[in-house]
Amino acid sequence: MELNQVLRKKRQEYHLTQEQLAERLYVSSKTVSNWETGKTFPDINSLIRLSKLYHISLDNLLVEGSDIVRDIDRKTRLMTLKRYMWLPSILNLILILIVSQQKFLG
């Protein structure tokens, strides 16, 4: 089951409206709606509050809603890639300088 489905199911089990849940989590009802439709994922603080409110371990919440684990992994990989994207450009510049210097000297 995806995280958005788990969140909707748990909210309904606790007989809460999206507005009531939003108040308890200190977020807007639009935020809760976005979580439940799968448009966005809860941040870590909201996940912790959800796990406490629903008496479910954070681990179980994340495993049941494994899409969030994949999303965090994907975002982490993208950040790592972006960090090193400048490297090929620098290496190309160094190569151009070396070739240019050899032509100039030779």
Side-chain angles (χ1 to χ4, degrees):
M1 188 180 303
E2 294 184 13
L3 181 64
N4 63 316
Q5 295 167 333
V6 172
L7 295 177
R8 184 180 309 117
K9 180 182 169 196
K10 288 291 185 185
R11 179 181 57 78
Q12 291 170 344
E13 284 176 12
Y14 280 74
H15 305 288
L16 295 170
T17 65
Q18 288 182 343
E19 292 79 16
Q20 290 168 328
L21 179 61
E23 286 176 15
R24 290 185 180 195
L25 299 177
Y26 310 107
V27 297
S28 70
S29 57
K30 179 70 175 166
T31 298
V32 172
S33 175
N34 286 339
W35 295 343
E36 292 185 1
T37 58
K39 291 180 183 176
T40 61
F41 291 115
D43 63 13
I44 191 65
N45 291 328
S46 297
L47 284 170
I48 292 168
R49 289 185 190 114
L50 285 162
S51 72
K52 288 179 181 179
L53 176 67
Y54 295 145
H55 306 287
I56 182 172
S57 73
L58 190 55
D59 182 52
N60 285 342
L61 185 62
L62 292 175
V63 169
E64 285 186 39
S66 59
D67 278 354
I68 194 165
V69 174
R70 285 192 292 271
D71 185 57
I72 290 169
D73 184 50
R74 183 180 59 79
K75 286 179 181 176
T76 303
R77 288 177 193 217
L78 282 174
M79 286 175 31
T80 302
L81 278 174
K82 287 179 182 178
R83 185 177 298 148
Y84 296 107
M85 287 189 74
W86 56 269
L87 189 58
S89 298
I90 297 296
L91 292 175
N92 284 336
L93 182 60
I94 291 171
L95 183 61
I96 290 169
L97 289 173
I98 290 171
V99 169
S100 296
Q101 189 176 24
Q102 287 178 352
K103 284 185 178 182
F104 180 72
L105 294 174

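- From Glu19, atom CD reaches atom OG of Ser28 across 10.0 Å, with rounding to the nearest 0.5 Å.
- Rounded to the nearest 0.5 Å, atoms OG (Ser33) and CZ (Arg8) are 9.0 Å apart.
- Note that CD of Gln20 is 11.5 Å distant from OG of Ser29, once rounded to the nearest 0.5 Å.
- Contact between Tyr54 and Leu7 at its shortest, heavy atoms only, is OH-O, 4.1 Å.
- Here the shortest heavy-atom pairing between Val27 and Val32 reads CG2-CG2, 3.9 Å.
- Taking the side chain as every heavy atom from C-beta outward, Trp35 and Asn4 never approach each other to under 4.5 Å.
- Here Val99 is tied into one hydrophobic group with Leu95, each link being a pair of ILVMFWY side chains closer than 4.5 Å.
- Arg11 meets the salt bridge (Lys or Arg N to Asp or Glu O under 4.0 Å) test with Glu36; sequence neighbours excluded.
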Using residues 43-50 as the side-chain source, report each donor-acceptor pair under 3.5 Å to any protein atom, sequence neighbours left out, with the distance given to one decimal.
from	atom 1	to	atom 2	distance (Å)
Asp43	OD1	Asn45	N	3.4
Asp43	OD1	Ser46	N	2.8
Asp43	OD1	Ser46	OG	2.8
Arg49	NH1	Leu25	O	3.3

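- Scanning both residues, Leu3 and Leu61, for their nearest heavy atoms gives CD1-O, 3.9 Å.
- Rounding to the nearest 0.5 Å places CG of Leu21 at 13.0 Å from NZ of Lys10.
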